[in-house]
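Notes for the one structure printed next.
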Amino acid sequence: MLGPTMVEWLKAREETRQHVESGAPPVDAAWVQRLADLLATERSWQDQYTDLVGLGSPSGRFPSSNR
């Protein structure tokens with residue numbers, strides 16, 4: 001279930017890391033799109049992960065943050 005999401009998340013993070021390390025300014029549309037995709041993928045992965053972890057709790061849901 002998390003496999004494809006995890007692969008895409010790690011791929012997007014690696015592409016972003018490579019771009020940042022290259023020293024290229026992050027102003028072109030392609031870089032901005034990759035960053036948007038990374039953030040959306042990361043959010044999706046976090047949501048899926050917390051849902052799965054929450055299944056093991058007494059309430060069946062991941063607790064809300066105290067922050």
Side-chain angles (χ1 to χ4, degrees):
M1 179 183 204
L2 287 177
T5 301
M6 184 69 161
V7 167
E8 288 302 315
W9 177 63
L10 292 172
K11 179 182 170 195
R13 280 198 158 204
E14 178 60 20
E15 289 173 355
T16 301
R17 184 195 62 76
Q18 288 175 3
H19 185 82
V20 169
E21 285 183 356
S22 75
V27 295
D28 65 318
W31 188 89
V32 172
Q33 183 62 59
R34 283 193 303 273
L35 181 58
D37 292 346
L38 166 69
L39 295 174
T41 300
E42 183 165 350
R43 179 65 185 174
S44 173
W45 181 83
Q46 288 173 345
D47 289 345
Q48 290 179 49
Y49 182 75
T50 54
D51 286 346
L52 286 174
V53 170
L55 291 175
S57 70
S59 69
R61 299 187 70 203
F62 196 79
S64 59
S65 173
N66 289 328
R67 292 184 177 189

Legend entry - Gln48 versus Ser44, side-chain donor and acceptor atoms under 3.5 Å: yes
Inset, instruction - Can you run down the salt bridge (charged side-chain N to carboxylate O under 4.0 Å, His left out) pairs that involve residues 43-62, sequence neighbours left out, and say none if there aren't any? - result: Arg43-Asp47
Inset, instruction - Just jot down the side chain to side chain contact (heavy atoms under 4.5 Å, CB included) partners of Arg17, sequence neighbours excluded, or say none. - result: Glu14, Glu21
